[in-house]
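To keep things clear, I will list the structure first and then write my remarks on it.
A note on names: the letters A, B, ... follow the listed sequences, proteins ahead of strands, and every chain is numbered from 1.
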2 protein chains.
Amino acid sequence: MSEKLPFRRVSLGYQVNHLARVFEAALRTQIAPFGVAPGQFPALLCLFEEDGLTQAEMCSRVQIAQPTMAHTLRRMERDGLVTRTPVPEDGRSSRTWLTDHAREIEDDLVRIGRGINASAVTGLSEAEVEALLTSISVMIDNLTPPEGAR
Amino acid sequence: MSEKLPFRRVSLGYQVNHLARVFEAALRTQIAPFGVAPGQFPALLCLFEEDGLTQAEMCSRVQIAQPTMAHTLRRMERDGLVTRTPVPEDGRSSRTWLTDHAREIEDDLVRIGRGINASAVTGLSEAEVEALLTSISVMIDNLTPPEGAR
DNA sequence: CCCATGAACATTGCTTGCTATGTAGTGTAG
DNA sequence: CTACACTACATAGCAAGCAATGTTCATGGG
């Protein structure tokens with residue numbers, strides 16, 4: 001008979017992938033009315049914390065590859081969420097600024113983010129959520145290649 | 001001064017997204033030598049468990065939208081991992097079968113998957129990993145829309 | 001039998017992620 | 001000052017996810 005073990009169903013990597021997709025789906029439906037897409041969300045949160053960053057700074061804060069950030073920023077510019085100004089001291093880089101419209105929807109977006117996080121952990125205790133965040137952080141460290149190899 | 005709270009850095013959704021990406025990156029580099037891409041991995045594991053499924057069956061087992069599965073299966077066919085045969089009783093559907101080549105690399109792929117999962121949880125106790133999987137499962141349930149709304 | 005409904009899969013078009021590569025500006029060694 | 005290396009960003013090309021839509025086949029009601 002040789003039944004196959006259901007490796008996939010208990011594979012941590014698969015479960016994490018699945019979870020990330022349901023998170024993204026929830027975010028997508030809730031922020032769509034504001035004209036914001038899931039991939040723009042981390043970049044926006046980053047700019048809410050601090051405005052006028054260069055692309056390289058945003059990449060390192062959001063942990064996204066540079067071409068991805070370039071693409072995302074262009075769409076955000078297209079969608080009226082950010083503008084970019086050249087840096088006088090360095091002709092290569094430019095700073096990204098939130099538009100008034102982005103500032104207007106900031107509170108709503110942050111509220112939505114918090115709401116999704118909250119509904120995700122419904123039924124888990126404070127301690128369990130704490131342990132979860134710790135475990136995630138440990139796993140990210142474990143799987144992130146050392147500085148040299150990137 | 002009005003310092004912004006670093007919401008992003010502690011946002012569960014963002015951390016999960018980040019974790020999923022480092023998982024995917026690790027998988028990508030390790031399975032690339034076998035000519036397999038990350039998105040094909042869940043589909044392959046699914047077929048390792050049971051061969052000859054229809055596309056719809058694979059969608060529901062892997063929890064992937066149907067157009068995504070269609071696209072992935074076409075690439076897997078192109079890459080010599082699967083073949084498809086029509087279902088005589090139903091002219092609409094076809095069954096997907098692993099090629100000999102896919103069977104040959106099965107053990108290596110499963111080993112790689114287990115290895116990545118193991119290295120991810122390095123430093124966590126058995127109990128912590130158990131709690132983690134439980135929490136992930138709870139969150140997926142919490143965030144998955146009810147049957148009707150899909 | 002015929003038609004309507006629904007199911008299975010394909011297609012289109014978008015976003016978001018990646019790697020690899022190109023281009024232009026900075027800065028430094030000689 | 002010039003050449004070289006490095007940095008910042010852009011571009012190309014691909015994979016993989018989604019929603020929306022089209023097409024073909026199956027099936028049940030009348």
Exercise. Quick one: salt bridge (charged side-chain N to carboxylate O under 4.0 Å, His left out) pairs with a partner in residues 118-137 of chain B, sequence neighbours left out?
Worked result: none

Exercise. So do the side chains of Ile116(A) and Phe23(A) get within less than 4.5 Å of each other, counting heavy atoms only?
Worked result: yes

Exercise. What's the CE-P distance between Met76(A) and dT15(C), to the nearest Å?
Worked result: 13 Å

Problem set entry | Asp100(B) bridged to Arg103(B) by N-O distance under 4.0 Å | no

Exercise. Start at the 5' end of DNA chain C and walk down; is the nucleotide closest to Ala37(A) or to Glu57(B) reached first?
Worked result: Glu57(B)

Problem set entry | Residue list, salt bridge (charged side-chain N to carboxylate O under 4.0 Å, His left out) with Asp79(A), at least two apart or on another chain | none

Problem set entry | Glu57(A) bridged to Arg61(A) by N-O distance under 4.0 Å | no

Show each protein N/O and nucleotides 1-5 of chain C N/O combination with a separation under 3.5 Å, one pair to a line.
none

Seminar exercise, completed: dist Ile140(A):CD1 -> Gln63(A):CD (nearest 0.5 Å) comes out at 9.0 Å

Problem set entry | Sequence-aligned protein contact record of nucleotides 17-23 of chain C, with B where the base is within under 4.0 Å of a protein heavy atom and S where only the sugar-phosphate is | BBBB---

For this session: Check whether any side-chain heavy atom of Arg84(B) sits under 4.5 Å from a side-chain heavy atom of Arg95(B), and report yes or no.
Result: no

Exercise. First and last nucleotide of DNA chain D in contact with chain A, 5' to 3', at under 4.0 Å to a heavy atom: what are they?
Worked result: dT7(D) to dC18(D)

Seminar exercise, completed: Comparing nearest nucleotides in DNA chain D, the 5'-proximal residue of the pair Asp90(A), Arg74(A) is Asp90(A)

Exercise. In a check of side-chain hydrogen bond (donor to acceptor under 3.5 Å, both in side chains) between Trp97(A) and each of Thr85(A), Thr83(A), Asp51(A), which one passes?
Worked result: Thr85(A)

Exercise. Among residues 91-99 of chain A, which residues get a heavy atom nearer than 4.0 Å to DNA chain C?
Worked result: Gly91(A), Arg92(A)

Problem set entry | Pairwise side-chain contact, Arg21(B) with Ile64(A), heavy-atom cut-off 4.5 Å (strictly under) | yes

For this session: Please state whether the phosphate of dT15(C), meaning OP1 or OP2, lies under 4.0 angstrom from any side-chain nitrogen or oxygen of Arg78(A).
Result: yes

